[in-house]
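Order of listing sets the numbers, starting from 1, for every ligand and every atom in it. Small disclaimer: the values here were computed from a predicted structure and weren't measured. We're numbering straight along the sequence, starting at 1. The figures that follow rest on heavy atoms only: side chains count, while hydrogens, waters and symmetry mates do not.
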Amino acid sequence: MDDQRAVAVWRDGAAVRLPADQPVVTAFDAGLARGDGVFESVLVAGGATPRLGDHLVRLQRSTRLLDLPPVPDEAWRALVAAATEGWPDGVEGVCRLFLTRGEGAAPTALALLAPVGEDVLRQRRDGVRVVALTYGLAAGVRAGAPWLLGGAKTLSYAVNMAAQRHAHAVGADDVVFTSAEGQLLEGPTSTVVWAAGGTLHTPPADLGILAGTTQARLFAAAEADGWPTAVTPGTVADLHSADAVWLLSGIRGAAAVTSLDGVERGDAGLTARVQELLSRP
Ligand code: PLP
């Protein structure tokens, strides 16, 4: 099978496209040794990246939170353009932007592009089985502790990936994290949204969770469509009693939660409406 993947790296003030199997980063890069860096995952659809602007806003915020040397939006846009050049319109891709502390004073900025995985497409279509797992921190801790990097999308995702592996080991697809006292937080790679009482709800970002670009887009489109939205602290019990629950992210879109901690649940026919709202320009 052809290798559809692509890589572009920032070198000497320009975006340079390289073959996907070429080495691009020194083994001494702090991103590799310590996960010391930030990233974004941007959907490529119809050969374009219509949500890139939202992701760049968050990438710049993550960059500031980690005191990384700033990379201007124009450089990121040039990297995305170099990576996506020639990408087929009919193939959905995930373009990952990475900024690491690099080696010495030189940060590393690069863009990787690969097709969206079959499992992601399946979960968008068929939904996800979810387990609730504790994140182990009290809900208010991260807001008052900037060194915990709440709200930054860092490369330190080993815990998030371990939680997903745990979910797979117990027969689920994904996870909803809760605080030590049982407050809803987020998924390892997604924002939690639920419908209850005729309103769409999501937990507050000041819990130190990532402010989701997909959730923000959904809530804006829902409000414009007359569907009220609210930022609401919640618990797993609220998800059990909700009309519908989704995990939202830029690549997967809205994946309906079809079972929670082994209890089957429906979506009251609302997933199609949510997905239609997300498809609006
Ligand atoms: N929360 C976490 C921890 C994530 O990794 C992601 C996805 O990147 C999200 C939420 C959802 O963010 P977005 O909708 O901007 O993709």
>> Going by the rule side-chain hydrogen bond (donor to acceptor under 3.5 Å, both in side chains), which residues pair with Arg124 if we only count those two or more places apart in sequence or in a different chain?
In response: Glu92
> Any idea which of Leu185, Thr191, Thr214 brings a heavy atom closest to atom 14 (O) of ligand 1?
Replying inline: Thr214
> Which of the numbered atoms in ligand 1 are below 4.0 angstrom from a heavy atom of Glu186?
Replying inline: 1 (N), 2 (C), 3 (C), 10 (C)
> Under 4.0 angstrom from ligand 1, any heavy atom of Ser41?
Replying inline: no
> Side chains of Val176 and Leu184: does their closest heavy-atom pair fall under 4.5 Å?
Replying inline: yes
> Which atoms from ligand 1 have a heavy atom of Leu248 less than 4.0 Å away?
Replying inline: 11 (C)
> Which residue and non-hydrogen atom of the protein lie closest to atom 8 (O) of ligand 1, and at what distance in Å?
Replying inline: Lys153 NZ, 2.5 Å
> What are the atoms of ligand 1, with element, lying closer than 4.0 Å to any heavy atom of Ser249?
Replying inline: 14 (O), 16 (O)
> For Arg217, is the nearest heavy atom under 4.0 Å from an atom of ligand 1?
Replying inline: no
>> I need the Thr235 OG1 to His240 NE2 distance, nearest 0.5 Å.
In response: 9.0 Å
> From Arg142 CZ over to Trp147 CH2, what is the distance, rounded to the nearest 0.5 angstrom?
Replying inline: 13.0 Å
> Quick one: nearest non-hydrogen protein atom to atom 7 (C) of ligand 1, plus distance?
Replying inline: Thr189 O, 3.2 Å
> How long is the gap from CG on Asp243 to CG on Asp267, to the nearest 0.5 Å?
Replying inline: 10.0 Å
>> Just to check, does Glu40 reach to within less than 4.0 Å of ligand 1 when the distance is taken from its heavy atoms?
In response: no
>> Which residues pass the side-chain hydrogen bond (donor to acceptor under 3.5 Å, both in side chains) test with Thr199, not counting sequence neighbours?
In response: none
> Considering only heavy atoms of Tyr157, which atoms of ligand 1 have at least one such atom less than 4.0 Å away?
Replying inline: 2 (C), 3 (C), 4 (C), 5 (O)
>> For a 4.5 angstrom cut-off between non-hydrogen side-chain atoms, does Val257 reach Trp246?
In response: no
> For ligand 1, which atoms sit closer than 4.0 Å to a heavy atom of Gly250?
Replying inline: 13 (P), 14 (O), 16 (O)
> What protein heavy atom is closest to atom 15 (O) of ligand 1, reported as residue, atom name and distance in Å?
Replying inline: Thr213 OG1, 2.6 Å
> Does the pair Lys153 and Glu40 meet the rule for a salt bridge (Lys or Arg N to Asp or Glu O under 4.0 Å), with working shown?
Replying inline: CA-CA 7 Å; Lys153 193 164 167 69; Glu40 283 293 328; 5.5 Å; no
> Is Ala211 in contact with ligand 1, taking contact as a heavy-atom separation below 4.0 Å?
Replying inline: no
> Which of these, Arg252, Gln215, Arg58, has its nearest heavy atom closest to atom 12 (O) of ligand 1?
Replying inline: Arg58
> Taking it one step at a time, do Arg96 and Ser41 satisfy side chain to side chain donor-acceptor pair (under 3.5 Å)?
Replying inline: CA-CA 4 Å; Arg96 293 212 162 83; Ser41 300; 3.2 Å; yes
> Do Arg252 and Asp174 sit within salt-bridge range, that is, some charged N less than 4.0 Å from a carboxylate O?
Replying inline: yes
> Looking at ligand 1, does Pro188 have a heavy atom less than 4.0 Å from it?
Replying inline: yes
